[in-house]
Amino acid sequence: MKNYIKADEWSIIEEGFDAHHHQISESIFSLGNGRMGQRANFEEAYSGQSLLGNYIAGVYYPDKTRVGWWKNGYPEYFAKVLNAANWTTIDVSLEGEQLDLAKCAVSSFTRQLNMKEGYLKRNFRARTEGGREVEVEAIRFCSMADDETAAIKYTITPLNFSGTITLAPAIDGDVVNKDSNYDEKFWDEVSKASRPDGGYVVMRTKKTGFEVATGMKFSIVQNGKAVQPPAEAVVKEKYIASLIKLQVQQGQSVSIVKYVANLSSQNHPVQKLTENLELTLARVSAKGFDTMLAEQAAAWAKKWERNDIIIEGDVSAQQAIRFNIFQLNQTYTGEDDRLNIGPKGFTGEKYGGSTYWDTEAYCVPFYLATAHPKVTRNLLLYRYKQLGKAIENAALLGFKNGAALYPMVTMDGTECHNEWEITFEEIHRNGAIAYAIFNYVRYTADETYLADYGLEVLIAIARFWSQRVNWSANKGKYVMLGVTGPNEYENNINNNWYTNTLAAWCMGYAMEVAEKVKALAPEKYEALIAKINFDEGTETAKFKDIIEKMHYPYDDDLQVFLQQDGYLDKEQILVKDLPAADRPLNQKWSWDRILRSCYIKQADVLQGIYFFEDRFDTETIRRNFDFYEPRTVHESSLSPCVHAILAARLGDEARAYEFYLRTARLDLDDYNNDTEDGCHITSMAGTWMSVIEGFAGMRVRDGKLSFQPFIPEKWASFSFHIGFRGALLHIKVSKHGVQISNISDKPADVVVYGKGQVVGPNSELTINKD
Ligand code: BGC
């Protein structure tokens with residue numbers, strides 16, 4: 001755990017340069033706009049430890065699988081988010097001496113991520129080994145208003161000398177992925193050009209053939225005046241730069257503005273890439289840096305209007321929740337149904353491909369409440385479009401008749417994961433995809449989605465479950481053998497309660513939706529069952545039989561659901577009784593020891609209770625919570641949020657807050673010592689859930705929003721917006737009670753502390769706490 005980020009409501013601030021923190025900061029201070037993003041690498045050269053990272057959404061490379069022992073059914077490739085051309089570089093040389101903070105005495109240093117307006121700013125004063133002292137200010141952003149563009153303004157002032165400063169803005173396509181399996185380079189050069197005021201590099205990914213044109217155009221301002229000093233073009237393999245030599249007087253500054261565009265063949269015809277790149281660069285450079293920055297602030301203001309959570313009375317909590325919301329918005333904007341949300345977003349390479357069950361289980365609630373429904377619809381459509389591949393994936397494992405198994409990790413629908421205990425066994429992910437459809441329809445009431453897309457996915461998933469279970473003559477029940485639940489700290493277990501529960505629910509929901517579609521859109525229903533050969537009578541009879549006779553492990557003495565058949569055979573020592581030196585287990589214990597232990601990585605039974613909360617009375621929830629939480633080590637960032645929500649549901653406000661703190665500042669405080677790999681983007685949605693579903697107790701029940709709010713002791717108030725079926729509500733929770741303002745023209749039915757109320761259009765409702 002670190003504590004070097006300065007508390008501030010709207011900014012993430014690092015003061016003083018500590019090279020040990022540099023890679024963590026490169027993750028935390030990352031920038032993105034949904035279309036592209038990057039780690040906070042320095043513009044000038046840096047010879048210290050650094051992880052270079054520039055990423056283009058949806059552009060990936062299928063890296064050949066590397067495993068110790070090949071198993072039939074493993075995918076041949078792992079599609080990886082690619083490190084793309086580096087456009088940040090502006091090399092600086094001071095009378096021939098390279099500016100490199102790793103080799104300088106840095107007397108002052110501030111890095112600031114301005115979340116309100118969406119830019120990164122760095123100021124420093126440094127003295128080189130040769131004794132030259134400079135002051136630098138660097139501002140850069142990835143434009144939200146014009147998402148193929150970015151800009152950097154880099155200002156340098158010599159403090160103790162006059163002389164030649166050489167600036168070398170560059171585009172470098174010769175980059176590697178740290179996680180490349182065979183040290184292979186993933187890009188080939190297509191073309192490049194260097195001109196006095198800029199240039200470009202066009203790169204093509206091997207195998208997948210994506211082309212990305214990355215270009216720059218720059219302008220220089222010296223003593224407040226635009227100048228055009230002679231520039232020498234440097235052209236190397238996959239690389240272009242311009243060497244700009246400037247005579248600078250001591251105390252006078254010179255600025256370079258580097259306009260950048262990144263165009264990919266996903267959005268432009270290949271033969272038009274460079275032409276469109278030039279047009280884009282001409283457009284943004286004509287606009288100018290200040291206008292672009294103002295547009296950036298306006299685009300972010302619009303986002304914050306709907307997304308912000310305001311916490312009064314706790315600056316650290318305020319900063320943290322905004323950081324989470326900021327990063328989620330930088331990662332995914334919902335405009336494009338070919339894109340998804342990677343666990344690390346644009347902040348690192350770890351986890352490779354972009355899509356995990358994290359999206360459906362954790363991110364969907366955030367986007368449903370804070371964005372237009374089309375955003376979640378696009379996330380669902382992403383999976384719909386990959387249904388064919390999910391069916392192929394299941395067929396590869398021996399499933400038949402249009403059964404679909406969605407991948408554990410994917411970019412384009414193909415399974416990328418290659419550890420048998422996860423790829424073949426962590427199949428609960430399939431249920432999360434069905435659950436997201438349910439969640440979307442429950443929230444938006446958009447039933448047309450079911451007829452057009454949803455039902456087809458639901459039947460394919462139900463078919464998978466109906467084939468994955470088998471009849472146990474011994475138990476007289478259907479069982480599901482050899483699975484891994486969300487708790488990846490035990491594998492190849494039988495009858496994971498969560499997976500069995502979800503599977504049965506999926507089959508039931510598929511049948512319910514089939515009936516609904518049959519009634520609402522009979523022609524579409526007929527067309528669909530013909531398309532997928534759905535033998536309604538036989539297949540639903542099988543679903544029903546399984547639902548009725550599914551085995552759910554349960555312990556009568558403890559009266560808790562059992563995580564799996566053999567869970568109680570494990571030695572039961574609570575987490576609190578483990579020596580502190582043994583934690584985190586995944587870094588201290590052998591994998592074998594972890595697998596045989598009772599310790600739980602993340603919510604498992606409790607994940608099921610969270611999904612299907614309304615099925616259980618409070619005492620059942622309490623018993624299961626009290627049994628499982630003390631055995632949970634929360635070594636997945638996805639864990640604390642579910643516990644925060646359930647603790648809140650049980651009225652345990654202090655614990656709800658404790659779990660919230662673990663998720664909210666996870667990256668800012670490098671809680672798990674792994675932020676340098678990238679930020680935990682998908683778990684950030686969990687932080688949002690902890691506040692909205694935890695502290696505010698928001699649920700959707702019977703087509704209405706309901707709230708059961710409380711306020712953490714340290715906070716004076718918290719407030720947020722929720723969009724629901726055309727109404728926009730502003731909710732403020734304070735020590736005195738709750739105030740709900742309807743700032744739309746649609747009346748909203750709400751339930752607060754169990755009591756139904758209508759908040760009329762443009763009116764307010766205040767409920768005081770007794
Ligand atoms: C978790 C998974 C999750 C993945 C990506 C793993 O550590 O156990 O549930 O899908 O990380 O976030």
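Note that ligands are numbered from 1 as they come in the structure, with each ligand's atoms numbered from 1 the same way. In this text, all values refer to a predicted model and were calculated from it rather than measured experimentally.
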**Request:** Have a look at H417 and tell me which of M408, E426, R429 forms a side chain to side chain contact (heavy atoms under 4.5 Å, CB included) with it.
**Result:** M408

**Item:** Pairs touching residues 568-578 that satisfy salt bridge (Lys or Arg N to Asp or Glu O under 4.0 Å), sequence neighbours left out
**Value:** E490-K570

**Prompt:** Yes or no on side chain to side chain donor-acceptor pair (under 3.5 Å) for E658 and H643, after CA distance, side-chain angles and deciding distance?
**Reply:** CA-CA 10 Å; E658 193 186 307; H643 290 82; over 6 Å; no

**Request:** Tell me yes or no: between the side chains of T675 and D667, is some donor less than 3.5 Å from an acceptor?
**Result:** yes

Check each N or O atom of ligand 1 against all protein N or O atoms and list the pairs under 3.5 Å, with atom names and distances to 0.1 Å, one per line.
{"from": "ligand 1", "atom 1": "7 (O)", "to": "K601", "atom 2": "NZ", "distance (Å)": "2.8"}
{"from": "ligand 1", "atom 1": "8 (O)", "to": "E488", "atom 2": "OE1", "distance (Å)": "3.2"}
{"from": "ligand 1", "atom 1": "8 (O)", "to": "K601", "atom 2": "NZ", "distance (Å)": "2.9"}
{"from": "ligand 1", "atom 1": "8 (O)", "to": "Q602", "atom 2": "OE1", "distance (Å)": "2.5"}
{"from": "ligand 1", "atom 1": "9 (O)", "to": "W357", "atom 2": "NE1", "distance (Å)": "3.0"}
{"from": "ligand 1", "atom 1": "9 (O)", "to": "Q602", "atom 2": "NE2", "distance (Å)": "3.1"}
{"from": "ligand 1", "atom 1": "10 (O)", "to": "W357", "atom 2": "NE1", "distance (Å)": "3.0"}
{"from": "ligand 1", "atom 1": "10 (O)", "to": "D358", "atom 2": "OD1", "distance (Å)": "2.6"}
{"from": "ligand 1", "atom 1": "12 (O)", "to": "D358", "atom 2": "OD2", "distance (Å)": "2.5"}

**Request:** May I ask you to decide if the ring planes of Y657 and F695 are parallel, tilted or perpendicular, using 30° and 60° as cut-offs?
**Result:** tilted

**Asked** Any luck finding a side-chain donor-acceptor pair between N33 and D147 under 3.5 Å?
**Response** no

